[in-house]
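Both counts, for ligands and for their atoms, begin at 1 and track the order of listing.
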Amino acid sequence: MGCTVIVGGFFGDEGKGKIVAHVAESDDPSIIARGGVGPNAGHTVISGKESFGVRMVPSGFIYEPARLMIGTGVLVNPDVLFDEINRIGHRVRERLKVDKRCSIIEQKHIEMDKSDARLKDKIGTTGTGCGPANVERVMRSALQAKDIEALAEFITDVPLEVNEAIDRGEFVILEGSQGFGISLFYGTYPFVTTKDTTASQIAADVGVGPTKIDEVIVVFKAFPTRVGEGPFETEMSLEESEKLGIVEYGTVTKRRRRIGYWDGKFARYSAMINGATCIAITGLDRLDPAVRGVTDYDKLSDKVKEFVSMAEKDVGVPFKLLSTGPGDTEIVDLR
Ligand code: IMP
Ligand code: MG
């Protein structure tokens, strides 16, 4: 039991949502709480024939027995939150709690994010108001969730609820957002998001101290991607990525993602700062379409097995979750 943190190891969009859904379905958490910046994040969750994009609600919502929480550090846009609650069903309205101290994104923050030429063009932000809202939080003039009447039914003390659950011996998942490469501290500054994105930050966002974390799962992608501007050492040309059949668009901004090759050196550094205990790798079906949907290690192709063992040597942490497609059951679980 205990507490597992799941974070992105590259530049975001590694498929964390899918890994969270799988770990939830197999390990039975009583709470899934999200950390991270705010609604700049987009997670796609595919379950059966249904596909959902979420930006505020934890992507583990698909696992109905768990309660869902938004941690103190996360910025909340009430409009985005209500849209998701109304759209995705799954009893989210009854299951969701929001920490009373979450800072609120207002329309003015969105306007600032979208109209500032430097943010919009040089950095290529998501235009969701997260940066300006974090500025206001630091200036100590931001609204908090407890000040918003419409949120009253959701308000709680998330750290208290999460720590009490861990102390009762229940299993809790802390879900990160964004990825290591766009951490405000460790990423490719200034082409980064507006907060640290590593496992320590995600735990802090939810109010869980380092001694209570048992597992840190870092999610990598066989072919990393990046949206927005900034350095991307292993980036390939558009033509190359099309030849490989890889075309991706962002969940939030619909921008085309830049595609790159596996970067072992970067992955190792990312796993180190995240304190990874376990690696999840997604997109193995991109490397070899024949493995799509495989759930048994022995049925993976030699090409994929060789890639996984090479990448595992690069990182120096066991690769235990091998994702073979976007669906929540398309995964080899070696844990
Ligand atoms: P901001 O977080 O909207 O300020 O954007 C800053 C940078 O982080 C931009 O390059 C965004 O594309 C990137 N970014 C922010 N959130 C995500 C995410 O969830 N996935 C991928 N990139 C993101
Ligand atoms: Mg995303």
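- Taking 2.8 Å as the criterion, K16 does not count as a coordinating residue of the Mg ion (ligand 2), since none of its N, O or S atoms falls below it.
- The atoms of ligand 1 that sit less than 4.0 Å from any heavy atom of G228 are 10 (O).
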Should K122 and E229 be marked as a salt bridge (charged side-chain N to carboxylate O under 4.0 Å, His left out) after you check the CA-CA gap, both sets of side-chain angles, and the distance that decides it? CA-CA 7 Å; K122 185 184 173 208; E229 302 307 315; over 6 Å; no

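- Using a cut-off of 4.0 Å between Lys/Arg side-chain N and Asp/Glu carboxylate O, E248 and K221 are scored as salt-bridged.
- Ranking protein heavy atoms by distance to atom 5 (O) of ligand 1, first place goes to T125 CA, 3.3 Å.
- Between T126 and ligand 1, a contact under 3.5 Å exists for at least one N or O pair.
- A salt bridge links R335 with D27: at least one charged nitrogen is closer than 4.0 Å to a carboxylate oxygen.
- Ligand 1 has an N or O atom lying under 3.5 Å from an N or O atom of Q178, backbone or side chain.
- A continuous path of Ile, Leu, Val, Met, Phe, Trp and Tyr side chains, each step under 4.5 Å between heavy atoms, connects V219 with I331, placing both in one hydrophobic cluster.
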Give the intermediate values and the outcome of ring-ring contact (aromatic ring centres under 6.0 Å, His included) for residues F220 and F10. CA-CA 6 Å; F220 292 120; F10 282 137; 4.7 Å; yes

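- Annotation: V227 places an N or O atom under 3.5 Å from an N or O atom of ligand 1; distance criterion only.
- A salt bridge links D205 with K195; the closest basic N to acidic carboxylate O contact falls under 4.0 Å.
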Apply salt bridge (charged side-chain N to carboxylate O under 4.0 Å, His left out) to residues D13 and R257 and explain how you reach the verdict. CA-CA 9 Å; D13 309 310; R257 292 181 186 151; 3.4 Å; yes

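- Closest to atom 20 (N) of ligand 1 among all protein heavy atoms lies D13 OD2, 3.3 Å.
- The proximity of F11 to ligand 1, defined as any non-hydrogen pair under 4.0 Å, is limited to the backbone.
- The nearest heavy-atom contact from the protein to atom 9 (C) of ligand 1 is G124 O, 3.2 Å.
- Here the protein heavy atom with the shortest distance to atom 14 (N) of ligand 1 is I182 CD1, 3.4 Å.
- In summary, the atoms of ligand 1 found under 4.0 Å from a heavy atom of I123, numbered by their order in the structure, are 10 (O).
- When side chains are defined from C-beta on, E233 counts as touching D263, because their heavy atoms get closer than 4.5 Å.
- With a 4.0 Å heavy-atom cut-off, ligand 1 is reached by the backbone of V192 but not by any atom from C-beta on.
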Residue pair E161, R67: steps toward the salt bridge (charged side-chain N to carboxylate O under 4.0 Å, His left out) verdict: CA-CA 10 Å; E161 301 229 24; R67 297 157 72 208; 2.3 Å; yes

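- Of all atoms in ligand 1, numbered sequentially from 1 with element shown, those under 4.0 Å from a heavy atom of A41 are 19 (O).
- Residue R255 touches ligand 1 through its side chain alone, judged by heavy-atom distances below 4.0 Å.
- Residues V57 and I148 fall within the same hydrophobic cluster, defined by Ile, Leu, Val, Met, Phe, Trp and Tyr side chains chained together at heavy-atom separations under 4.5 Å.
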Given V7 and F180, is the side chain to side chain contact (heavy atoms under 4.5 Å, CB included) satisfied, shown in steps? CA-CA 8 Å; V7 289; F180 178 76; over 6 Å; no

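- If you check which protein heavy atom lies closest to atom 2 (O) of ligand 1, you get T193 OG1, 2.6 Å.
- The name of the N, O or S atom in D13 nearest to the Mg ion (ligand 2) is OD1.
- The shortest N/O to N/O separation between N40 and ligand 1 falls below 3.5 Å.
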